[in-house]
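These notes concern the structure reproduced below.
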There are 2 protein chains.
Amino acid sequence: MLGAMQDWNMVVSHLIDHAAREHGAREHVTRWADGTETRTDWAGIRRDALKMTQALRRLGIGKGDRIATLAMNHSRHLVSWYGAVGVGGVLHTVNPRLFDDQLDYIVNHAEDRVLLYDVAFQPIVDRMRSQWKTVEHYICYDPPAGSDVLGFEDWIGAEDGDTQWTQVAERDPCMLCYTSGTTGNPKGVLYEHRSTVLHAWTGLQPMAFDFDTQSVMLPVVPMFHAASWGLPWAGAMTGVKFVYSAVNEPKVLCDLMDREGVTHSAGVPTVWLAMFQHVDAEKRELPKLKQAVIGGSAAPRFMIERLMKAGIRVAHAWGMTETSPIGTVGAPTHDWDAKTFEQQVDMVQMQGRPTFGVELRTVSLDDMETELPRDGKSSGALQIRGPWIIKRYFKAEEDAARPDGWFDTGDVGIIHPDGTLQLTDRTKDVIKSGGEWISSVELENAAVGHPAVAEAAAVGMPHPRWDERPVLFVVRKAGADCCAQDIIDHLTPQVAKWWLPDAVEFVDDIPHTATGKISKKDLRARFADYRLEADA
Amino acid sequence: MLGAMQDWNMVVSHLIDHAAREHGAREHVTRWADGTETRTDWAGIRRDALKMTQALRRLGIGKGDRIATLAMNHSRHLVSWYGAVGVGGVLHTVNPRLFDDQLDYIVNHAEDRVLLYDVAFQPIVDRMRSQWKTVEHYICYDPPAGSDVLGFEDWIGAEDGDTQWTQVAERDPCMLCYTSGTTGNPKGVLYEHRSTVLHAWTGLQPMAFDFDTQSVMLPVVPMFHAASWGLPWAGAMTGVKFVYSAVNEPKVLCDLMDREGVTHSAGVPTVWLAMFQHVDAEKRELPKLKQAVIGGSAAPRFMIERLMKAGIRVAHAWGMTETSPIGTVGAPTHDWDAKTFEQQVDMVQMQGRPTFGVELRTVSLDDMETELPRDGKSSGALQIRGPWIIKRYFKAEEDAARPDGWFDTGDVGIIHPDGTLQLTDRTKDVIKSGGEWISSVELENAAVGHPAVAEAAAVGMPHPRWDERPVLFVVRKAGADCCAQDIIDHLTPQVAKWWLPDAVEFVDDIPHTATGKISKKDLRARFADYRLEADA
């Protein structure tokens, strides 16, 4: 050996060890569903996680075993993250909003041996229990007084915490998250210790979560969504104070943000919408956040404008369960200060730029081997690769990524010359008409701008001459009225003439997935017999 | 295989690839020694580095070969960092301020095959050339017009850059830096690709360099000092604009900072002293920096106060060549805003807290197996471990770190309950009197507060009864006068009575090392025959 730097196994337990050692007294606040509050700190999280590893070992649970949670955001859930991973296990965060057939599938597919749950989801447990063949132990985070179910605090309270983390290798798995599965069965993404730690490091930087020891984070993104965007791991690196709410009522969130000095938050657009409605109704100010990370789906322009005008930096992010999930994040570009407010909003409306580690490219929708230029115009299938991007789904027979690492995201986007990503559609929703592509998302965004439209979904329907033509399904706002021609007239100045839908169909509702997105799969199924005439 | 995330080789070439792809047009400015300026960008740095790999291969230089630089800060030097590493080589940054015997030793010990140098160091090259047996090729970064030495631009200009980086493994070495060697021969620290990339990731976070795409960094720390604190690597991760000056004249630095919109700088305390003198003499304002990282040696209180009052965040950092070098960085603690200005300065005067990845501890100076409490009082030998901390010096027969990773830093310090490090001395300089320890640094800091004292060094001298007793060597300011009793009177209210020096000796000068630190080794050698009487 010529010389060397130290060997260092890149494992998740380093995160909680660091947080407890260097930021041990930094607080965690939990506001429970019943309105009570509890407080702990990073040292407490670690101590309880160590107790949990002892309790798990006592049940015979160890390396590689899957430990499921069915829970909202709270400190006991966080303890379970570090406890499950600390025993060498694989944490499986189950989305309680999934449909029963999905819950059945993923728990059995994951072969979860333990399930920890909120009492709010007791009905799900009672309903699913007989189908969940592999689950040997059920533990409730917050059992009601007098209940005979095993409570989390009692379970770990029997241990002394005087133990060590189970030794694992850095490429060992630590967490399993299933995609919501808009097509076929949900698929499991198996995160590794190394990918998780690198992703957390990435999250600290100013262009991403911008975390230091002064940060106070209230994550509205649930801990069961795409690893909660990695926040529970990244926060440990700098001893972030976490404020958790087990309910997502805007009043509760705003009160917590004001009282606990919250500086950072993260959530999907609907969270902010609800917050706006609350502060408007109550005539109160928006909380004094420093930064709001918005991801999950595209943030509307008025939302970005309003947050920015309130002095909140908006980091519009893009990622997916398969990408851990940080892919791109919107951060001020180097010429930001020279831009007008309108230009800044234009910038923030796009999905930002890749952090170091990940690479993006777009390829032709017609020929996936043809890479498209980063010209701000060419729209194509978005691909990604890097150290925290999926290679193979859990128990899959084949890799999900190509041998050269490129993983097809299913998104359609444009890459600008400065690297900024602009998403335009999903690959399976983009409409192919006469060999050209029409963005269903752009049609929908234009349609919902009509004052009578509550929701709209554009779907490509088979057409004898053009292959596919767009049909727009519209839900009218309660009490509002409009006809198909009104919608067409509204769209005409906004999109190319050949993009205009061949038909506008009014419906009472549009189906949604478990994560609240429009389910075009179900919409297509509902209209399986729908036919367009040639040049209708 | 159950499932997997992607394989990803953690190598330095990813840094420059990312910078060129995502921040290609972001500028690099160089102000050369002759007053001229050149500009390039991250895409240009990469293109030139690729050309350099071709030029190196043409010379038969490849994987594992050492490529030395003897140069100030400029963009061609940066190109060489990525070019040398990109060919699979080991970049060896030689400190031109070393003494001839050290220059002789390290170039031969490193077995450098190529040496790239600034014309300002032509005298060194001419003087040392016959002793540097292994150097086959000399290339000058800035040859004067009409010179017949091989110039860097001509050398790489013959290549087209159409090539690939040489493939390496992440634990392969990429860089070699020698310690300045206050005892014995200089020792080489061999950085690896993996340690370098992890260290760069660490540098981005708000508590460290706080880098995003808006950052404009003028590093005053030379590229030949402890890997320039990792700045050339970290800057690539977010496309920092670099402003380099090949000279360290305060006027040049201030002009560049003002004109180029510099937001970040980093350097040793003397840099800021010189800057203060310049702005005071010229009655100009300090540059409008966002952050100044100060490391290398302890920053005096008045310096911290002045920078903070000018609105500049001071990140007081501690590290060493053996630690890549980030060990601790001073950043606002979570209760920062509740502190008074004086309390904040107290905080910043200490050396900050460890970033995620490294661990610190202190052990008893009397018994290295006894770990000391983090109580803000117990002073002991500082030890460190982590992924970018040395395991074994270049060509050493034994590890420098213990089997459990702890590396003895040679520093003496106190760890506070919140993890803040307060350095008090060097292990070999701390004075042992009657079984108790006296800090030489605290005696010196107290002594230089006397208006007639230009410089002071406290050394433990053999004492028949107390083992060692402090003797203070003092250089008077030009034209100033004072006697030994004046100094003792000045120290008396500041230190414990038993810390007071047994003697104060006035000298014309105090010897320094090549990096400008007081050389107590040379001072002790000069006074080898010095004797204290029992109870003098």
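The shown structure was predicted, so the numbers you read here are calculated from the model rather than taken from an experiment. In what follows, chains are A, B, ... by sequence order, proteins preceding strands, each numbered from 1.
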Query raised in the report: Do B:Met5 and A:Val189 have side-chain heavy atoms sitting under 4.5 Å apart?
Result: yes
Query raised in the report: Is B:His334 close to A:Lys241 at the side-chain level, that is, under 4.5 Å between some pair of heavy atoms?
Result: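 A:Lys241 vs B:His334: side chains apart.
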Please look at [X] and chain B and tell me whether the side chain, the backbone, both or neither of the residue comes under 4.5 angstrom of a heavy atom of that chain.
X        : value
A:Leu15  : both
A:Thr238 : side chain
A:Asp210 : both
A:Phe209 : neither
A:Thr202 : both
A:Val216 : neither

Query raised in the report: Would B:Arg353 and A:Glu22 pass as an ion pair if we require N to O under 4.0 Å?
Result: no
Requested in this report: Could you tell me which residues in residues 323-332 of chain A have at least one non-hydrogen atom under 4.5 Å from a non-hydrogen atom of chain B, sorted by residue number?
Outcome: A:Ser324, A:Pro332
Requested in this report: Check A:Leu190 against B:Gly3 and note the closest heavy-atom contact, atom names and distance.
Outcome: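 Answer, listing the atom of A:Leu190 first, then B:Gly3: CD2-O, 3.9 Å.
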Query raised in the report: Which atoms form the tightest heavy-atom contact between B:Thr213 and A:Thr333, and what is the distance?
Result: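 Closest heavy-atom pair between B:Thr213 and A:Thr333: OG1-CA, 3.9 Å.
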In terms of heavy-atom pairs under 4.5 Å, which option from [options] contacts chain B the most?
options                                : value
A:Pro354, A:Ala401, A:Pro417, A:Ser215 : A:Pro354
A:Asp337, A:Ile389, A:Leu360, A:Leu204 : A:Ile389
A:Gln214, A:Gln6, A:Arg21              : A:Gln6
A:Ala236, A:Gly357, A:Pro206           : A:Pro206

**Report entry** Portion of B:Ser195 that has a non-hydrogen atom of chain A nearer than 4.5 angstrom
**Finding:** side chain
Counting heavy-atom pairs closer than 4.5 Å to chain A, which one of [options] comes out on top?
options                               : value
B:Met207, B:Met10, B:Arg194           : B:Arg194
B:Gln205, B:Met237, B:His14, B:Arg385 : B:Met237
B:Pro173, B:Gly419, B:Gly386          : B:Gly386

Requested in this report: Any chance you could lay out the side chain to side chain contact (heavy atoms under 4.5 Å, CB included) test for B:Trp201 and A:Thr355, step after step, and finish with the verdict?
Outcome: CA-CA 11 Å; B:Trp201 242 315; A:Thr355 59; over 6 Å; no
Query raised in the report: Residues two or more places apart in sequence or in another chain: which of them pass salt bridge (Lys or Arg N to Asp or Glu O under 4.0 Å) with A:Arg171?
Result: A:Glu192, B:Asp7
